[in-house]
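Written out below as structure tokens is the structure these notes cover.
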2 protein chains.
Amino acid sequence: MLNSKTMDTNQRQNKEKEILTAAENEFLTKGYDGARTTSIAKAAGVTHAMLHYYFRTKEQLFERIVDEKFRLMAESTLAALGDSSLPMKERIRTGVANHFDFVASNPLLPRFVINEIVSRPERYAFLHERAKTIIDTLYRGLQADIDRAAERGEMVQINAKMLFMSIMSLNIFTFIAYPFMKPLMGDLMADDERFLAERKAENIETIMKRIEI
Amino acid sequence: MLNSKTMDTNQRQNKEKEILTAAENEFLTKGYDGARTTSIAKAAGVTHAMLHYYFRTKEQLFERIVDEKFRLMAESTLAALGDSSLPMKERIRTGVANHFDFVASNPLLPRFVINEIVSRPERYAFLHERAKTIIDTLYRGLQADIDRAAERGEMVQINAKMLFMSIMSLNIFTFIAYPFMKPLMGDLMADDERFLAERKAENIETIMKRIEI
DNA sequence: TTTTGTATTAACAGAATTGTTAAACAACTT
DNA sequence: AAGTTGTTTAACAATTCTGTTAATACAAAA
């Protein structure tokens, strides 16, 4: 089964993976500047020389993480656009719900991505062209669908981008501010699972009332 | 007029102030870890030895900034609670508007505060006790006012903390995500001033429709 | 069993960054 | 003018962190 010359391939993959997992955690909580390769190595249970052996530099290790995370962020963002085969109100309701769930399962993601873009904008400038084209197309479609639904009297007329920003705001901020709000909100956030369910319902309600006639 | 032994007091204050201004900008955009004392000194037009002469350590300089920013954050947050002497709907409408304006004039503040708390939670644990007490009191009052307004049929019954989180989400996220959304939203955000006015109106509308019967 | 390529360790090198210090300097006081 | 005090500079010390290297262990293939 094993075709590597010397080391068990699974073991190697496990070590690489453990470093990646530790790196992900370190980078996502502390950012590039705050992360320490020694601390990542320690958390992964390897010497820091090994980390460099596998990933050469901190920068390269970071890039592995960042690539994956940016893709994931794009994917989760698209979830908020909803399924265009559904009736508009259902589409928006499930869009909000799915986006919330997506962010809930990657709670550190948005803050990380935003921080990266703010602290090193030049590094990500190349993404803009591509992202903008995709987004423009998607929005044109969504806006047209909204306009039609509004004409049929199913919902109010509203700017698709504005609605989209509201969905992102409500869902993402919940998790960005979580560590900050939790100690302050006491009872309300005492039971995490229950709070998240309530918050999700509240965000859906807020958006649905916004589009109600 | 000048009572300092050797240096013009105003000049000294200016130097201190210039360092503080440069430090504020550096810390708020790059965070503690990303900030460089040499880079702060350079931006302030002094040698880095001078920075240490005035503020001893990076840590102490940072604390000056952080203290002020945390206070400002608390202040701006309270704005969202609104003026309790107003009728409830007016109170909420102006609360949202004032909070938006506050954040608009300190756009880097929320991200900075949140990042600090996430990346070094132990450092700010001592704030929780105090903040929680204040918040509990304020919310009890707000919730009671909301309950009364709901009984009078002026608005829907809603959990005050949930409403508050929605206001914070909508207003703060607008500015946290600004550098991230701007290149993608093209036309909508082309004219900053106009976009902010529209976004403010949209956030108010979203909250007002949420509390409408 | 020798060979070969990979994995691992420990020690070290280099760079960047923070912080210190001694000496020069400027301004004010007496 | 001499002394005092606070400011500024330049050089340097110390630390921390990233990255390298040389030696070694190890496992499989020949």
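The chains referred to below are lettered A, B, ... by the order of the sequence lines, with proteins before strands, and numbering in each begins at 1. Worth knowing before you read on, the calculation uses all heavy atoms, side chains too, and leaves out hydrogens, waters and symmetry mates.
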Under 3.5 Å between N/O atoms: give me all the protein pairs with nucleotides 12-14 of chain C, atom names plus distance.
none

(message) Any residue in residues 20-41 of chain B with a heavy atom nearer than 4.0 angstrom to DNA chain C? Just list them by number, or reply none.
(response) B/Ala35, B/Arg36, B/Thr37, B/Thr38

Return the value, rounded to whole Å, for the distance between atom [atom1] of [X] and atom [atom2] of [N].
X       : N      : atom1 : atom2 : answer
A/Glu16 : C/dT6  : CD    : C1'   : 13 Å
A/Lys58 : C/dA15 : NZ    : C1'   : 14 Å
B/Tyr53 : C/dT18 : OH    : C1'   : 19 Å
B/Phe55 : C/dT18 : CZ    : P     : 15 Å
A/Tyr54 : D/dT20 : OH    : C1'   : 18 Å
B/Met50 : C/dA23 : CE    : C1'   : 15 Å
B/Phe62 : C/dG19 : CZ    : P     : 13 Å
B/Glu59 : D/dT15 : CD    : C1'   : 16 Å

(request) List the steps and the verdict of salt bridge (charged side-chain N to carboxylate O under 4.0 Å, His left out) for B/Glu198 and B/Arg194. (result) CA-CA 6 Å; B/Glu198 283 178 17; B/Arg194 183 174 164 181; 2.9 Å; yes

Do [X] and [Y] have their ring centres less than 6.0 Å from each other?
X        : Y        : result
A/Phe112 : A/Phe27  : no
A/Phe173 : B/Phe173 : no
B/Phe175 : B/Phe100 : yes

(request) Look at B/Lys15 and D/dT7 and indicate whether a side-chain polar atom (N or O) is within less than 4.0 Å of OP1 or OP2. (result) no

(message) Nearest to the A/His52 side chain among C/dT8, D/dT8, D/dT20, which nucleotide is it?
(response) D/dT20

(message) Determine whether a donor-acceptor pair (N or O, by modelled atom type, separation under 3.5 Å) exists between the side chain of B/Arg91 and the backbone of B/Leu81.
(response) yes

(message) Name the residue from B/Glu59, B/Arg123, B/Arg120 that meets the side-chain hydrogen bond (donor to acceptor under 3.5 Å, both in side chains) definition with B/Tyr32.
(response) B/Glu59

(request) Verify the distance criterion only: is there a donor paired with an acceptor across the side chains of A/Glu18 and A/Asn14 at less than 3.5 Å? (result) no

(request) Decide yes or no for A/Asp192 and A/Tyr178: does some side-chain heavy atom of the first lie under 4.5 Å from some side-chain heavy atom of the second? (result) yes

(request) Would you mind telling me which of A/Leu20, A/Leu51, A/Val46 makes a side chain to side chain contact (heavy atoms under 4.5 Å, CB included) with A/Lys15? (result) A/Val46

